[in-house]
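In what follows, a single structure is set out as structure tokens and then discussed.
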Amino acid sequence: MEHDAPRKIALLANCLLNQNAKVCEGARYRGVVSPVVEALLRRGYQLQQLPCPELAFAGARRWWAVYEQYDTPLYRDHCRRLAQAIAPLIERYLRRGDEVILIGLDGSPSSGVRFTSSKPDWGGRPDRPQDDWDIVPHRGIWIEELEAELARRGLPSIPATGWALDMGRFDEAGSRRDLEDFLDSREQNKATRADTPGAQ
Amino acid sequence: MSTDLRGWRIAVLCDTLVNPPDQLRATLPDVFAIVEANGYGVLQLPPSGDHRLLLAVTADQIAEYAHHGYAVLAIGLAGEPSNGLHWRRLVPLLRHRKISPPPRHIVHPDVDAAVAAERLTTVLAGYDLPLGEQRRWRV
């Protein structure tokens, strides 16, 4: 079926299809994050779920953490192993000319795309709601390692954004607008390129 | 009081049921939407082919859920190799992790879509861990 027309593929942070993967007290939906899936399906995307790096490393009953706590050689090795497991599929999509995008989870220490959580001196017993960390513009560790693996394979960078679930106070309507702007801007860019004489 | 909304139930889904091709879309129930409406999270299996590493990673995740109070159910599609569930490879990986394979529900494309949807809804609505297990983990 490799000769078929190019498809639109959305790589999704694991918990966007499965909120059971979230840290204790972190699930905002029962299972699927419906607004994300609805926005993608309405625009003709197929879904490709990424593995959850934190679940397989720290377990289903882990507490929340910041970037610096997960930034260890062992966790990065684990993320590289997961990246090597999913990369062949992504490579297949890209080499057959599919349009691939990535939707991560902004604010997450692992799956953040535009933002991650940071507090270099944080540690010890979790204490919500007193816990306080910063949101900084940076990839999460899993996304860093996934992108590094794709680059090692000589693949182009994938346009990406994040669903802002882990940014502190969650604003679903704002997150939805943000995601739809990202998706629609891609469609507009494609239309503009198609209208430009000589454009590829 | 916890504001965590997780549903504690997970459907391991054959890739074709997540991304049905156009020719099947007309004859199949919308399995993904039914799973979603019943409050299940989704673990998507890879498409057909050799995906050893990815299946091992998937088995790690299923085992973690099964060990900690989550109800896991696999949903496959008749007509796909191994019903799209990679069962021949996945089951030994699960047993190696001390997990019994989850129950399977197979969707048959030759069954009327409305009937298949109703059957699936009934299975999903009625499936969960025994109450004792739920109380042990879901606090």
Side-chain angles (χ1 to χ4, degrees), chain A residues 1 4-5 7-12 14-34 36-38 40-41 44-62 78 81-90 92-93 128-129 170, chain B residues 1-13 15-23 25 30 32-72 97 124 137-139:
Chain A
M1 300 285 274
D4 286 350
R7 301 165 301 182
K8 294 160 76 174
I9 308 281
L11 310 177
L12 293 173
N14 186 277
C15 61
L16 293 174
L17 295 190
N18 179 26
Q19 284 280 286
N20 298 291
K22 292 294 294 175
V23 295
C24 294
E25 300 184 24
R28 310 284 187 139
Y29 302 83
R30 287 194 297 166
V32 174
V33 179
S34 301
V36 173
V37 169
E38 193 267 335
L40 291 167
L41 294 183
Y45 282 91
Q46 296 192 12
L47 310 179
Q48 178 58 61
Q49 185 180 36
L50 298 172
C52 175
E54 290 182 22
L55 180 93
F57 187 82
R61 295 178 68 78
R62 71 196 181 280
H78 167 72
R81 173 179 162 256
L82 298 195
Q84 285 158 8
I86 192 76
L89 260 184
I90 300 172
R92 199 164 88 187
Y93 298 140
R128 189 171 273 186
F170 173 52
Chain B
M1 194 181 84
S2 173
T3 54
D4 190 288
L5 297 178
R6 77 190 60 214
W8 294 92
R9 296 189 295 178
I10 296 159
V12 178
L13 271 188
D15 179 71
T16 307
L17 293 175
V18 177
N19 298 304
D22 288 342
Q23 66 270 24
R25 209 177 280 273
D30 189 343
F32 191 93
I34 294 169
V35 165
E36 183 180 3
N38 278 274
Y40 281 67
V42 167
L43 269 184
Q44 179 182 6
L45 288 168
S48 59
D50 186 4
H51 303 281
R52 287 163 201 238
L53 281 178
L54 192 51
L55 284 172
V57 168
T58 304
D60 285 340
Q61 295 179 74
I62 294 173
E64 183 60 21
Y65 287 121
H67 282 137
H68 293 99
Y70 291 83
V72 182
R97 290 159 177 77
L124 291 173
W137 296 106
R138 302 178 190 178
V139 289

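Note on naming: letters A, B, ... go to the chains in the order of the sequence lines (proteins, then strands), and numbering restarts at 1 for each one.
If you tally non-hydrogen atom pairs under 4.5 Å between each of A/Pro88, A/Ala85, A/Ala56, A/Gly31 and chain B, the highest count goes to A/Ala85. Heavy-atom pairs under 4.5 Å with chain A were tallied for B/Val35, B/Leu55, B/Leu43, B/Asp15; the largest tally goes to B/Leu43. When A/Val37, A/Ile86, A/Leu17, A/Leu16 are compared by the number of non-hydrogen pairs under 4.5 Å with chain B, A/Leu17 comes out ahead. If you tally non-hydrogen atom pairs under 4.5 Å between each of A/Gln84, A/Arg61, A/Gln19 and chain B, the highest count goes to A/Arg61. Looking only at heavy-atom pairs under 4.5 Å with chain B, the residue among A/Leu47, A/Leu89, A/Asn14 that has the most is A/Leu47.
The shortest distance between side-chain heavy atoms of B/Ser48 and B/Thr16 does not fall below 4.5 Å. You'll find the side chain of B/Asp4 stays beyond 4.5 Å of the side chain of A/Cys24, heavy atoms only.
Put simply, CZ on B/Arg9 and CG on B/Asn38 are 6.5 Å apart, with the number rounded to the nearest 0.5 Å. For the atom pair B/Ile62 CD1 and B/Leu45 CG, the distance stands at 6.5 Å (nearest 0.5 Å). The structure places CG of A/Asn20 at 8.0 Å from CH2 of B/Trp8, a figure rounded to the nearest 0.5 Å. Taken to the nearest 0.5 Å, the CZ atom of A/Arg81 stands 11.5 Å off from the CZ atom of A/Phe57. In this structure, CD in B/Glu64 is found 8.5 Å from OH in B/Tyr70, a value given to the nearest 0.5 Å.
At a 4.5 Å heavy-atom cutoff, the contact between B/Ala37 and chain A is made by backbone atoms alone. At a 4.5 Å heavy-atom cutoff, the contact between B/Tyr40 and chain A is made by backbone atoms alone. Looking at B/His51, the atoms closer than 4.5 Å to chain A (heavy atoms on both sides) all sit in the side chain, from C-beta outward. Looking at B/Arg52, neither its backbone nor its side chain comes within 4.5 Å of chain A, counting heavy atoms on both sides.
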